[in-house]
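What follows is a short report on a single structure.
Numbers here simply count residues along the sequence, with the first being 1.
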Amino acid sequence: MLLGTVLVLLLAGAAPASAHAALRSTDPDDGSVVQRAPRHVTLTFTESVGLLDDSFRVFGPDQRRVHTGEATHADGRSDTARIGLPGKLAKGTYTVAWRVVSADSHPVSGAFSFSVGKRSATTGQIDTGPTEDPLTRGLYDAARYLAYLAAALLVGTAAFALLCRPAHTSPLRRPLVAAWWTLLGSTAVLLLLRAPYEAGTGPAAAFDASALGRTLTGRPGLALLARLLVLLLTAAFLIGLSRRRDTVKRPVALAIGTALATALALTWAAAEHASAGIQVPAAMTSSVVHLLATGVWLGGLVALLLTLRRSSGDDLVEVVPRFSRIAFASVTVLAVTGFYQSWRGLGSLSALSGTSYGRLLLAKLAGVAVLLLVAGYSRRWTARIAAPAVAARAAVPAPVPQPVGAPAGGREAAEGPGTGEPGTSEEAESRGEPESLDGPAGPRAGSVDPGIRRRLRRSVLVEVAVAAVVLMITTVLTGTLPSRAQAEAAQQAPVGALPPTTEITVPFDTGTDSVTGSGKVQVTLDPARVGENGVQAVVYGSDTGLVVIPEVRVTFTLPSRKIGPIDAELADRGGYWSTNSVNLPLAGNWTMKTTVRVSDVDQVSVERRVRVEP
């Protein structure tokens, strides 16, 4: 009942959204100058976001952190984040660093600035803190990889035992138990590290009780909690199956096992890329099926490898062909669901080579291609192992027709002793053989050539090694911003946001020995595009401190079009020089001439190239 409630909450929160939240707008606008200090800072995103205790950090003109209120959603809208500001703010530029958790469980962060009254004279960069802790990120990614690996091994080994029906399942017990414990441990680690992973802090923050409580109320935390519950139910199922093997029917065991495996896969689909973006219901269904097919194929390879090493040769003539058919079906499912998920994540063919997500996807496809080549090689030896069984079935004589109403004993008399229907429970009991979950064992037809068995074992071992690499790439891929979401985020830049500014350092030397006689001018051209631009100039003396001089003049010339000089007409703002109304009409490489006058007779002019974009 509790498991069902948690899964319903997960699915209910999986509303259509863009994978990885994109910042839609800010209030105040990024780069804007407001006359009155705002009471709040509000961010609007393209999807619902989760808030953290430290979602906002606001820094004032003196580069000190400003005391703010608690982060909340504006007007109850889950796609917004708001922070309250103090009643009185000094004039100057404020930097806002933010960090939230997007609907697909990945934290996203950024920063913007606005000014009250006027822009600050200083142009130094403010340290807004690290976006993430490397140790926390490394541990979290390692736990995610182990979870994927363990889930594939757990699902694949159980499916191999139920579907391929080896005579001896004892070699599969150890990997089954190891996979269960590994998945349990990695899930617990992910649950503990979730809070510091979201906040970008060190691993020590995992032991904060309040942070853990917040994790258990969010969708990623609920997904991990649901995974723990599914694992407990899985353990009960496997223990009950091993103790009551003779009484549990294989269809019942398959139904229960499939339900548990589906619930396990759903804990990934409900909290990662499939839970956000376009076509969420179809994407989550595809993700669950994809994960199950991956487990049946890759985890089944490990089970087959152990069976090849420890099982009897007679058993292999039935088990190996069964797994070959199951693996082929799994690969077909993976191809269909993988194509859909690739289309959904990429958005365009150009993204294959132009984005990190696309390049990782190409690496994964290359790994899968190698895996399929090795699998094709393995099928050659699989066919040779299956050949004795096929020949044995062809050699079995057809049963002698019996008159209607003839007693069963008449059939045995006609066929002779020992030629009754193979695999009956009576014969199995007389030989002391155990009965499988689906009833009597099939016919045993000859032994397997040791050379063929050895070659198949080697090729399967290579498949397992390549599969581990493919799973590692998959783990990185699931934590990478999808190309479609990256393109959407680029198209939905914050309203009022200004392009990056261009900063030019202009050294000067008038030949005098005073502090103001030499130094540098830090010129900022904002936004360095065609049209109206702002220019800000800050003068530093030879001791690297700010200095006051009589005049700074900046002019712009475009030699290729014979335009200029255009005087910026900088005004002294009390410590720095600036203007917001320089019109640069054409794109190109402009020449910026900076003239610094330090006295009535001492001045120097320095030219620098500046690129103005369309």
(request) Kindly compute the distance separating OG1 (Thr557) from NZ (Lys593), expressed to the nearest 0.5 Å. (result) 8.0 Å
(request) Mind listing the closest non-hydrogen atom pair of Gly84 and His40 along with its distance? (result) CA-CD2, 3.9 Å
(message) Could you check whether Arg561 makes a cation-pi contact with Trp590, meaning its NZ or CZ is under 6.0 Å from the centre of the six-membered ring and within 45° of the ring axis?
(response) no
(request) With sequence neighbours excluded, tell me which residues meet salt bridge (charged side-chain N to carboxylate O under 4.0 Å, His left out) with Asp79. (result) Arg77
(message) Restricting to non-hydrogen atoms, name the atom on Ala283 and the atom on Tyr340 that form the minimum distance, rounded to 0.1 Å.
(response) N-OH, 3.6 Å
(message) Applying salt bridge (charged side-chain N to carboxylate O under 4.0 Å, His left out), can you list everything that pairs with Asp567, at least two apart in sequence or on another chain?
(response) Arg553
(message) Taking the side chain as everything from C-beta on, heavy atoms only, tell me whether Arg597 gets closer than 4.5 Å to Ile549.
(response) no
(message) Main chain of Leu52, side chain of Ser55: is a donor-acceptor contact present, judged purely on distance under 3.5 Å?
(response) yes
(message) Taking the side chain as everything from C-beta on, heavy atoms only, tell me whether Asp30 gets closer than 4.5 Å to Ser113.
(response) yes
(message) Does any part of the side chain of Leu43, heavy atoms only, come nearer than 4.5 Å to the side chain of Phe112, both counted from C-beta?
(response) yes
(message) For a 4.5 angstrom cut-off between non-hydrogen side-chain atoms, does Lys91 reach Pro61?
(response) no
(request) Look up atom CZ in Phe56 and atom CZ in Arg82, then write down how far apart they are to the nearest 0.5 Å. (result) 9.5 Å
(message) Is there a side-chain contact (heavy atoms from CB on, under 4.5 Å) between Val604 and Asp509? Walk through the geometry before answering.
(response) CA-CA 7 Å; Val604 65; Asp509 189 352; over 6 Å; no
(message) Taking the side chain as everything from C-beta on, heavy atoms only, tell me whether Ile566 gets closer than 4.5 Å to Asn583.
(response) no
(message) So which atom in Pro28 and which in Val34 form the shortest heavy-atom distance, rounded to 0.1 Å?
(response) CB-CG1, 4.3 Å
(message) With a 3.5 Å distance limit and no angle check, can you tell me whether Thr187 reaches the backbone of Leu183 through a side-chain donor-acceptor pair?
(response) yes
(request) Answer yes or no: does atom CG of Asp600 have more than 12 heavy-atom neighbours from other residues, nucleotides or ligands under 6.0 Å? (result) no
(request) Compare all side-chain heavy atoms of Leu291 with those of Tyr148 and state whether any distance is below 4.5 angstrom. (result) yes
(message) Please report the interatomic distance OG1(Thr579) to CD(Gln536), rounded to the nearest 0.5 Å.
(response) 11.5 Å
(message) So, taking the atom named CG in Asn589 and the one named CG in Leu558, what distance separates them when rounded to the nearest 0.5 Å?
(response) 8.0 Å
(request) Check the pair Thr93 / Ser115 against side chain to side chain donor-acceptor pair (under 3.5 Å), numbers first and verdict last. (result) CA-CA 4 Å; Thr93 300; Ser115 301; 2.9 Å; yes
(request) Taking side-chain contact (heavy atoms from CB on, under 4.5 Å) as the test, write out the residues that go with Glu613, two or more places apart. (result) Arg529, Arg611
(message) Please give me the minimum heavy-atom distance between Gly117 and Val33, naming the atom from each residue.
(response) O-CG1, 3.7 Å
(message) Would you compute the distance between atom OG1 of Thr95 and atom CZ of Arg57 and round it to the nearest 0.5 angstrom?
(response) 11.5 Å
(request) Report yes if some heavy atom in the side chain of Trp577 is under 4.5 Å from a heavy atom in the side chain of Val521; otherwise report no. (result) no
(request) Please report the closest heavy-atom contact between Val530 and Ala587, naming both atoms and the distance. (result) CG2-N, 3.4 Å
(message) Counting C-beta onward and ignoring hydrogens, is there a side-chain heavy-atom pair between Val470 and Lys364 closer than 4.5 Å?
(response) yes
(request) Please lay out, stage by stage, how Val108 and Arg99 fare under the test side-chain contact (heavy atoms from CB on, under 4.5 Å). (result) CA-CA 6 Å; Val108 290; Arg99 185 180 182 89; over 6 Å; no
(message) What I want to check is whether the side chains of Thr44 and Thr80 have a donor and an acceptor closer together than 3.5 Å.
(response) no
(message) With rounding to the nearest 0.5 angstrom, report the OG1 to CD distance, Thr595 to Glu551.
(response) 8.0 Å
(request) Identify the heavy atoms of Leu190 and Arg227 that sit nearest to each other, and give their distance. (result) CD1-NH1, 4.1 Å
(request) Go through the steps for Leu191 and Leu216 under the test side-chain contact (heavy atoms from CB on, under 4.5 Å), then give the verdict. (result) CA-CA 8 Å; Leu191 194 60; Leu216 295 178; 3.9 Å; yes
(request) Could you give me the CA-CA distance, side-chain angles and deciding distance for Arg608 and Thr594, then say whether side-chain contact (heavy atoms from CB on, under 4.5 Å) is met? (result) CA-CA 8 Å; Arg608 286 288 185 272; Thr594 304; over 6 Å; no
(request) Specify whether Tyr94 and Phe114 have parallel, tilted or perpendicular ring planes, treating 30° as the upper limit for parallel and 60° as the lower limit for perpendicular. (result) parallel
